[in-house]
Every structure is written in C-alpha cells, then in structure tokens.
A.B. asks: 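Just dropping this structure here.
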Amino acid sequence: MTMTEVLPSDPIGRRIICDGEYATVHYVGMVPPTPGIWLGVEWDNPSRGKHDGSHEGTRYFPCSHPTGGSFIRPKKANFGVNFLTAVKKRYGLSDDWNETLVIGKKTVELVGFESVQEEQSENKISLPSNPSSLATSFEKLTVLSLNRTGVTWNEVLHCAVMWPALEELHLASNNITSLERPVNCLQSLTLLDIANNHIIDGNQLHAIADLPRLKQLILSCNRISILNFTVQHGGCTNSFASLNSLSVDGNNISQWSFINELNKLRNLQSFNCQNNPFMDSDKNPETIRQLIIAKIARLKVLNKTEILPQERKGAELDYRKMFGNEWLKSGGNQNADLNKPSLEFLLEHPRYSELIEKYGAPDDAEFRQQQPFALKNQLLTLTILCPNKPDQKPIKKKLPDSMTVQKVKGLLYRLLKVPGSELRLSYESSKMEGKEIELENDLKTLQFYSMENGDSVLVRW
C-alpha cells in the first residue's frame, strides 16, 4: 500500500481515529533517524500521547499539552469520510439518492460509516425531492459525516427527517454561512461539528440553542467574534441547556466579553479556544489561562488540560487582586454597606461580586503597589515560624522577593527536614498584626503576595 492510498490529499488538520482514540493531524513527513513517513498527531485524550510534538530536540508540530502528542504510521490512522461516500464505495452506487434508498432499506444496521477510509471525501450531494419518504431507510443511523460535500445548513434540515436517531453530525468545510432553527428534526443530536465554515456572527448559534440533547459543539476555524445570551434566572441562560463541551479554536475572538457570556451556560465544563486574537495579547499564556478560569465558574477542562481545584482557587484569588484597584475606583468598598461598583465595572467583570462573596473583599495589603525594582528591595528579611512546633526556634532568612513559593518550600525542606509537598505556608504582615494570608499558589513569587521586610512566614505540616 502506497502513502497516497492511505493519506487524503489534505491531511493537515484532519481528524483521525486510531485504536479507538481521536486525534488531530498536525504534521506529515520524516522523523529522523527512523525511515519512512510519520503523522504527528495531538490526541483528544492527552494521556494517550508521549510528548509535546518534539523528537530528539526538534519541534515538528505545536501541541497544547506537554504530553498530548505522538508520531504514528499513516496506515494506523483512520481518516473519516462521509456516510454517502462509504455507502457508494461498498456497494458501487452512484450519487443518486433513490439508488441509495434501495440499499439503505437493506442496511438498517449501518452506523458510523464515516470511519471507512478513502483518499478524498469531496462529493456534491444530489438531494432527494421527498426526504420524508426515506425516513425508515436509515432509522438506526446514529453518526453521519458530510464533511466537504458542499451541503448547506438548509439542505441538512431538509434531509434531516431521514435520520430520526442521529446523534453525531459532522459538517466541516462546507462554506456554511448561516444557520436556521431545526423544527421537528435533529432532536437526538448530542454532537454537532461545523468547524472550518464561514460563520461570522456568533448570534447565529441561537438557531441551534434549543437542541435538547446537544452536549458537544465544535465551531473551530470559523470567523466568530461576538456572542450574547439572554439571562433567565440564577444568572444563567436557557440556551444550550445540555452543552458541556465547546470548541472555538481559530476564530476572531478578541474581546473578553465573549468569555464572560460563556459563564451563562449552566453546564459548560470543557472549553477550547486556542489561536484567537485575545489569546495573542500582551499577557502571558499563564495569565490568560487564569483569567478564563476565573471568568467561567463551572469550567473543568481548558484547552484539553484539566483544571484542578487548587488552580481554580489561585486563579480566582489572582483575579480578585488583579482588578481590585479598578473595583475601588468604580465605587467598590470593603464595607458591604458602601460597596456600589459601577454598572460598567460589573458588565466587564460579572463574577467579581461573586468572588468577593466567596473570598471576602481585597484587604489593604493586597492593594499595595509593587515597589519599583531596586537592589535594596530584592532581598526580604523574613522570620520563619512553626506555630504547631513550639520547640522550633524562629529562623531569620533573607530571601529574594522573586523567589516562588515552591522554592521557599524546597528551602524549608532542607532547614526543617520536612518534605516540601507536606508544607502549608502563610504569612503575617508586620504592619497588620493578626492578619494571616495563605500562600496557596506554589508558582507565585513572594513579591506577588506583597511580602515586605519584617514579615513572618508561618510553616505548618
């Protein structure tokens, strides 16, 4: 079998399945010193991968997860083709739907034919004049792929009566520009893939927002930039009531208001948003990730990486501190009776009041501006105390304010002979006696927590 018999003409960006796991192809070519052609893929399940797209020091493709990539041989990759193409290939049929109807009645167990391999799947469909007459032909069909067929959304709705049990519908690369509301069809749909089309207005999505079972929506590589939902009760929208996974990679999203709107989705747990303008801002990737986590309360997976409870807590505390001064200037106040932030601030930061209820209002120590960088404030003189170990004498140490909490734990391990992973750190400000602030994020620096000379580090294990 030659490579052209295995690979489609445009493999980059194509979805594959291999040993029951789904992945996206990012690279095709040689990977020295091993001979032959390889596919570089990123798995939907990062635990299936081995690396970040690199091999022996050479980066072959980008990978959003450090262990989400692999190289596999082309013959192991199952490139999806559309359902009708698979039927024609197996039975030698033409494009005529009436002929497909005859064979369809004989193959009611036909499910998921998009898994059959074929070099290309660019087949213009000839639509039936009376699709309702075919309703029993594919009554057990649950997965249908019509990628690269030139089909329009209205044509899909016209034919959908033929697929009463359909659960997955793939419509990638069809130049779809608009959506209409499905009426008495597609009500069993759990996954809809309309990636790589030409949808510009995100509010077009309202047309499919009432599909009762839709759990996964793939909108990657469109041109969407805005999205708005109407709030009913509890701060949530009734739109996309079952949706728990949304992919908008490669769109034109540049405003954080888009992310704010997603917090209105009551069941959204997984979100992919790589390669959008707001991801390429002057903020570093870690900060952008924290902002997204803080803005979407129920999110559990971001860009295919799990959000652990500690990361969420750190992101929300960082957000609360990052916009604290802006909150004060808008009318926010630590006194609940005087706390009246402006409507403009609340629209820009809709979760801020919720975070204050959860963690309390930022205190004065958190509002202190970071001191200008100078030699004299690079080192902090701190007192290390062990409240639960009265026999342990206080230790004075000079530490750089750029030192991370994780490195402080490593130092304390050597001083106290206690594993760093078991240590819990907090600090007391010399200017605010009795106020204890937890150092909960191992990746943050002492400067981030506004620590100063004379403060005390409290160590517990």
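Because only heavy atoms are used, hydrogens play no part in the values below, and waters and symmetry mates are left out as well, while side chains stay in.
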A.B. asks: Determine the sole option in Arg15, Arg14, His170 for which the side chain to side chain contact (heavy atoms under 4.5 Å, CB included) test with Asn147 is passed.
C.D. replies: His170

A.B. asks: Does any donor atom in the side chain of His349 or Tyr319 lie under 3.5 Å from an acceptor atom in the other side chain?
C.D. replies: yes

A.B. asks: Looking at Glu316 and Arg351, does any basic side-chain N land under 4.0 Å from a carboxylate oxygen?
C.D. replies: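 Yes, this pair counts.
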
A.B. asks: Quick check: are there more than 12 heavy atoms from other residues, nucleotides or ligands sitting under 6.0 Å from NZ of Lys300?
C.D. replies: no

A.B. asks: Under 6.0 Å between the ring centres of Tyr22 and Trp43?
C.D. replies: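 No, the ring of Tyr22 stays outside the 6.0 Å limit from the ring of Trp43, centre to centre.
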
A.B. asks: Do Thr152 and Asn154 have side-chain atoms, one donor and one acceptor, less than 3.5 Å apart?
C.D. replies: no

A.B. asks: Say whether Asp249 and Ser247, considering side chains only, have a donor N or O and an acceptor N or O under 3.5 Å apart.
C.D. replies: no

A.B. asks: Distance alone, cut at 3.5 Å: any donor-acceptor contact between the side chains of Lys215 and Asn244?
C.D. replies: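 Checked: Lys215/Asn244 side chains show no N/O donor-acceptor pair below 3.5 Å.
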
A.B. asks: Can you name the nearest heavy-atom pair linking His65 to Lys304, along with the distance?
C.D. replies: CD2-O, 4.1 Å

A.B. asks: Test side-chain contact (heavy atoms from CB on, under 4.5 Å) on Leu205 and Leu219 and set out the steps.
C.D. replies: CA-CA 10 Å; Leu205 302 178; Leu219 298 168; 3.5 Å; yes

A.B. asks: Report the C-alpha separation of Val41 and Ile72 in whole Å, then their side-chain angles, then the decisive distance to 0.1 Å, and conclude whether the side-chain contact (heavy atoms from CB on, under 4.5 Å) test is met.
C.D. replies: CA-CA 8 Å; Val41 303; Ile72 63 174; 4.2 Å; yes

A.B. asks: Report, as yes or no, whether the 6.0 Å neighbourhood of atom CD on Gln255 holds more than 12 heavy atoms from other residues, nucleotides or ligands.
C.D. replies: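 Open.
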
A.B. asks: Classify the ring geometry between His55 and Phe71 as parallel (under 30°), tilted (30 to 60°) or perpendicular (over 60°).
C.D. replies: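 Ring orientation of His55 relative to Phe71: perpendicular.
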
A.B. asks: Just checking, Arg73 and Trp38: is the charged tip under 6.0 Å from the six-membered ring centre and within 45° of the axis?
C.D. replies: yes

A.B. asks: Would you call Val405 and Leu443 a side-chain contact if the rule is heavy atoms closer than 4.5 Å?
C.D. replies: no

